[in-house]
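To start, the structure under review is shown below, and the notes come after it.
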Number of protein chains: 2
Amino acid sequence: MRPNDGPKSGSSTGSRDNSRDNSKGSQKPRSPAGERRLGDFLCFAIYSANLAFGRAYKKGLDELGLTYPQWIAIVALWEQDGQTVSELGDKMFLESNTLTPILKKLEQMGYLRRQRDPADERQVRINLTEAGRRLREKGMHMNLVASTGLKPDEFVRLQENVVTLRDNLIKATAEEA
Amino acid sequence: MRPNDGPKSGSSTGSRDNSRDNSKGSQKPRSPAGERRLGDFLCFAIYSANLAFGRAYKKGLDELGLTYPQWIAIVALWEQDGQTVSELGDKMFLESNTLTPILKKLEQMGYLRRQRDPADERQVRINLTEAGRRLREKGMHMNLVASTGLKPDEFVRLQENVVTLRDNLIKATAEEA
DNA sequence: TCCATATATATCGTATCCGATTAAATCGGA
DNA sequence: TCCGATTTAATCGGATACGATATATATGGA
């Protein structure tokens with residue numbers, strides 16, 4: 001049997017003219033008003049660049065046995081001992097609903113310890129283990145700067161611009177709430 | 001009972017000095033070698049900007065009853081009738097394992113039709129319904145350009161730079177395979 | 001002291017992503 | 001013509017995201 005499938009019969013009615021040039025060429029002209037295409041959306045550029053980064057990191061992360069968010073957590077935790085889940089969440093732009101499963105997994109793998117703060121039992125403090133620290137060192141070889149095809153100064157400038165974009169979006173979203 | 005939790009007792013041993021300034025100020029100095037922090041990673045900037053975009057779109061998308069990837073699919077499908085799953089996947093940088101559930105959901109909601117191509121029954125051709133086209137129109141009011149805090153020319157330049165970054169990453173990832 | 005409120009984390013359901021696999025249809029060479 | 005290789009889409013399991021909710025702890029007045 002064909003892989004399960006929805007409605008089947010009936011002929012295809014799409015017009016299917018592929019006349020428009022959608023090549024990756026460097027000067028794709030912006031589409032006229034009302035014809036905004038997917039490629040013109042900054043949000044989609046960011047969305048697809050994020051997918052591309054995840055795939056570019058995949059090979060290196062597989063060697064470490066980590067996923068992309070797990071690796072981000074390791075890097076963030078390496079910066080500071082004893083962070084709470086909320087503090088880590090502030091750095092990673094995530095909340096406990098997403099973070100807790102990631103941290104439990106990393107704890108189970110032996111890379112960190114989660115312990116309630118005796119001074120405030122509501123909070124959970126997180127510390128990397130020695131294995132977790134070594135992991136961070138081992139991961140430092142994953143340098144994708146070359147893969148970005150950007151010159152160092154371009155790299156830094158783009159990074160700063162994306163950070164500014166992110167922070168502006170967060171501010172605007174908070175304001176309209 | 002406290003929400004299920006890992007190991008509990010034991011005191012927190014983290015040093016917890018928060019001396020370093022990690023404010024959002026415009027001139028956060030790059031950390032010294034070997035001290036690369038999360039905020040210095042371009043991949044993390046993209047990752048977090050993508051989260052921010054998803055959250056910024058959330059309110060508008062809720063009104064349409066769509067998710068972020070569903071909306072992207074609608075926009076991509078609006079450009080061309082009768083695309084196959086693979087062709088749509090090329091545009092969205094996704095494959096059938098991710099796309100099929102999204103398309104089935106949109107079909108179930110009445111926004112598109114999926115039908116096998118009679119000329120090649122392996123392929124599935126996708127067409128927006130009238131409701132799907134109206135949805136695309138209704139979604140056009142979600143303009144986040146203002147929220148990005150970027151001037152039009154900055155917006156366009158950043159968009160192009162991110163696209164270039166993405167395409168370079170994809171090329172580099174394919175080459176090392 | 002007592003309790004309503006606030007805070008911090010965890011849980012749950014839904015929807016992506018993605019690697020690996022499966023299934024059907026097509027293609028191509030002997 | 002026949003059959004193995006290729007192509008296309010779907011399925012499955014594991015791991016994020018995230019809104020809504022639950023639970024435990026802490027806080028602050030009456």
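So you know, we letter chains A, B, ... as the sequences are listed, proteins then strands, and number each from 1.
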Item to check | ring-ring contact (aromatic ring centres under 6.0 Å, His included) against A:Tyr57, all qualifying residues, sequence neighbours excluded | outcome: A:Tyr68

Distance in angstrom units between [X] [atom1] and [N] [atom2], rounded:
| X | N | atom1 | atom2 | value |
| --- | --- | --- | --- | --- |
| B:Phe93 | C:dT16 | CZ | P | 19 Å |
| A:Asn97 | C:dT14 | CG | P | 16 Å |
| B:Leu61 | D:dA17 | CG | P | 18 Å |
| B:Leu103 | D:dA10 | CG | P | 8 Å |
| A:Leu94 | C:dA10 | CG | P | 14 Å |
| B:Lys58 | D:dG19 | NZ | P | 6 Å |
| A:Leu88 | D:dA17 | CG | P | 13 Å |
| A:Trp71 | D:dT16 | CH2 | P | 15 Å |

For [X], answer base if it contacts any base atom (sugar-phosphate contacts may also be present), sugar-phosphate if it contacts only those atoms, and nothing otherwise; contact means non-hydrogen atoms under 4.0 Å.
| X | value |
| --- | --- |
| A:Thr67 | sugar-phosphate |
| A:Glu95 | nothing |
| A:Ile102 | sugar-phosphate |
| A:Ser86 | sugar-phosphate |
| A:Leu51 | sugar-phosphate |

Can you name the residues that form a side-chain hydrogen bond (donor to acceptor under 3.5 Å, both in side chains) with [X], not counting sequence neighbours?
| X | answer |
| --- | --- |
| B:Asp120 | B:Arg122 |
| A:Ser48 | B:Arg166 |
| A:Arg133 | A:Asp81 |

Report, one pair per line, the protein and nucleotides 4-7 of chain D atoms (nitrogen or oxygen only) whose separation is under 3.5 Å.
residue, atom, partner, partner atom, Å
D:dT7, O2, B:Arg122, NH1, 3.2

Do the side-chain N or O atoms of [X] get closer than 4.0 angstrom to the phosphate oxygens (OP1, OP2) of [N]?
| X | N | result |
| --- | --- | --- |
| B:Thr98 | C:dC17 | no |
| B:Tyr68 | D:dC18 | no |
| B:Lys105 | C:dA15 | yes |
| B:Gln70 | C:dT16 | yes |
| B:Tyr57 | D:dC18 | no |

Checklist entry - In Watson-Crick or G-U wobble terms, both distances under 3.5 Å, what is the partner of C:dC12? => result D:dG19

Checklist outcome for this item: Applied to residues 61-77 of chain A, the salt bridge (charged side-chain N to carboxylate O under 4.0 Å, His left out) test, sequence neighbours excluded, yields A:Lys58-A:Asp62

